[in-house]
Amino acid sequence: MRQIDLHLPTGWNQCTIDEMEHIASAIIAEQQSVGRYHPFDWDRVKLNIVLAVNSLSPVPSPKGEGGNDKEWLVKRPEDKESWPISTGQLVALTECLAWLTDEKTRPLFNFPYPELTFKQEDGKWQVIEKQENGSKFFTPHSSLFTLSGPPPLLDGYTWQEYRWMTDWMQAYMRHSNAKNAEGAAQAQREFLAILFKPKTLDGKTAEHTSSISHLTSAIFTDFSPVKWQVILFWWSSLMSMLAKKFPKVFKSQPVGQGKRRPQQQDTPWDFYNRVTATIQKYIGGLSEQDVNNATYGTILQQLEMMADEVAEMEKIKRKR
C-alpha cells in the first residue's frame, strides 16, 4: 500500500508565503476568466489551490468520463509515476479550505513580505526572490537595494501615512471597479511607496535616503500582481481588525430605506480637514503637524473616545 501525504493550510496565519501566493494566483486566474456565462466559482478556486499547494499535475486518465466515482491521475515532481485520486477525495480536500470564504476566520496578522529586495534589469525594477551577496542599500552607483515592510498592525506608522494609504487604496478600488487600469496602477504604486520603507541597519537608514524615496513609486511599476493580491489579503485583514477595535470610527453609513444618499461624497481633503480640526478642538494645544505626526492608532483611539462621548450626550438628551 502506497502512502501519499498531502498538505493544506488551515488558516491565513498558518499559510507560508508560497501558499498565500498559490491562493492569490488561483483567485487572479478565476477573476480573469469571469464573463457573462462564466461566474466566479470559489469551488474551482479551491480545487486549483489544492493542486498548486501540493504540486499536483493532472495526467490524462484512461478510465473515461462521467460518474461521481471518476478517478483522476495526478503526479508530483518527485513521483516516478502517476497515481489515482477520486473526485470525492478532491471534493473533501477542497472542503478543508472552507476558511477562505468564512467571515469568522482569524484574519492575517503579520505582513507577508518583511523585506523585498529590488534589482534593476533592462530599465525595469524587479523583486528578486533571494538576496544576492547579502543586504545592500541603494546608492547612485548600485542597482540593488532592500525595502522593509510594516510591522504588525502598522505599528509606528503616523496618522498622515495611514491617511495617505487609505486614500490611495480607495482610489485603487474605485479605478479598478471603473476598469481604469492606468488609474488603478498609479494608486497601487503610490500605496506601496508609502507602505514600504528603506531598510535600516543598527537603527540607521542607508545613505541617499532621498534618492530612495524619490524612486520608490517608480520601482513598483512592474510589481507582481500575485504579491499585490497577497498584500490585499493583509490589508483587508488589517481593516477588519481595526473595524472591530474602533467600531464607531469604522461605522458604515446606511443608504436607502428612508436614508437619503448624500449629494456629494466627502473628498479626502474634506475628511482630513474635519478630523484635524476635531482632534485639535478635542485635545487642545495641538498643531496640524502634531496631529499628522501622531501614530495613527492614537488618532483612531481619540476619534473612538469622542464618538463614545457624543453617544453618551445623546442618551442624556433623550432622557430629559
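Small disclaimer: the values here were computed from a predicted structure and weren't measured.
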Side chains of Met305 and Lys248, heavy atoms from C-beta outward: is any pair under 4.5 Å? no

Glu304 side chain to Val249 backbone, donor-acceptor under 3.5 Å | yes

Of all heavy-atom pairs linking Pro58 and Leu51, the shortest is CG-CD1, 4.3 Å

Short side-chain to backbone donor-acceptor contact, Tyr172 and Gln186, under 3.5 Å: no

Looking only at heavy atoms, the pair that brings Ile194 and Trp164 closest together is CD1-CB, 3.4 Å

Just wondering, more than 12 heavy atoms not from Glu103 lying within 6.0 Å of its CD?
no

**OP:** Determine whether Glu115 and Leu147 make a side-chain contact, defined as any pair of heavy atoms from C-beta on separated by less than 4.5 Å.
**Re:** no

message = Tell me if a side-chain donor or acceptor on Asp102 pairs with a main-chain N or O of Trp99 at a distance below 3.5 Å.
response = no

Fill in: Gln126 backbone acceptor or donor facing Asp222 side chain under 3.5 Å
no

Test ring-ring contact (aromatic ring centres under 6.0 Å, His included), reference Tyr296, set Tyr162, Phe246, Tyr157, Trp159, output is Tyr162

Where do Thr146 and Leu116 land on the side-chain contact (heavy atoms from CB on, under 4.5 Å) test, with the steps shown first? CA-CA 6 Å; Thr146 300; Leu116 286 181; over 6 Å; no

Q. Is there a donor-acceptor contact under 3.5 Å from the side chain of Asp155 to the main chain of Pro151?
A. no

Fill in: Hydrophobic cluster identity match, Leu8 and Val91, side-chain contacts under 4.5 Å
no

Stepwise side-chain contact (heavy atoms from CB on, under 4.5 Å) check, Leu154 with Thr295 | CA-CA 9 Å; Leu154 287 178; Thr295 58; over 6 Å; no

Are any of the side-chain heavy atoms of Glu161 and Lys197 separated by less than 4.5 Å?
yes

Any Lys/Arg nitrogen of Lys46 or Glu30 sitting under 4.0 Å from an Asp/Glu carboxylate oxygen of the other? no

Check against side-chain contact (heavy atoms from CB on, under 4.5 Å), Trp12 and Phe233:
CA-CA 9 Å; Trp12 286 113; Phe233 294 155; 3.6 Å; yes

Ile49, Ile28: one ILVMFWY side-chain cluster at the under-4.5 Å cut-off? no

#### Entry: Whether Thr158 side chain and Asn293 backbone form a donor-acceptor pair below 3.5 Å
no

Worksheet item: With no hydrogens and no angle check, is any side-chain donor or acceptor of Ser25 less than 3.5 Å from a backbone partner on Glu21?
Response: yes

(request) Salt-bridge test for Lys75 and Glu81: reply yes if a basic N is under 4.0 Å from a carboxylate O, no otherwise. (result) no

Are Phe40 and Val226 linked, directly or through intermediate hydrophobic residues, by side-chain heavy-atom contacts shorter than 4.5 Å (ILVMFWY only)? no

Looking at Thr16, is its backbone amide N or carbonyl O close enough to the side chain of Glu19 to form a donor-acceptor pair, meaning the two atoms are under 3.5 Å apart? yes

Sequence neighbours excluded, the answer for salt bridge (charged side-chain N to carboxylate O under 4.0 Å, His left out) partners of Arg174 is none

Original post:
Is the centre of the Phe220 ring less than 6.0 Å from the centre of the Phe118 ring?
Top reply: yes

Requested in this report: Ignoring hydrogens and angles, tell me if any N or O in the side chain of Asn54 forms a donor-acceptor pair with the backbone of Leu56 under 3.5 Å.
Outcome: no

ring-ring contact (aromatic ring centres under 6.0 Å, His included) test vs Trp228 passes for just one of Tyr113, Phe223, Phe191, namely Phe191

### Message
Check this for me: Arg106, atom CZ, are more than 12 non-hydrogen atoms of other residues, nucleotides or ligands nearer than 6.0 Å?
### Response
no

Indicate yes or no: at least one non-hydrogen side-chain atom of Met169 is less than 4.5 angstrom from one of Trp235. yes

side-chain contact (heavy atoms from CB on, under 4.5 Å) assessment of Lys227 paired with Met20: CA-CA 9 Å; Lys227 284 182 168 55; Met20 276 192 280; over 6 Å; no

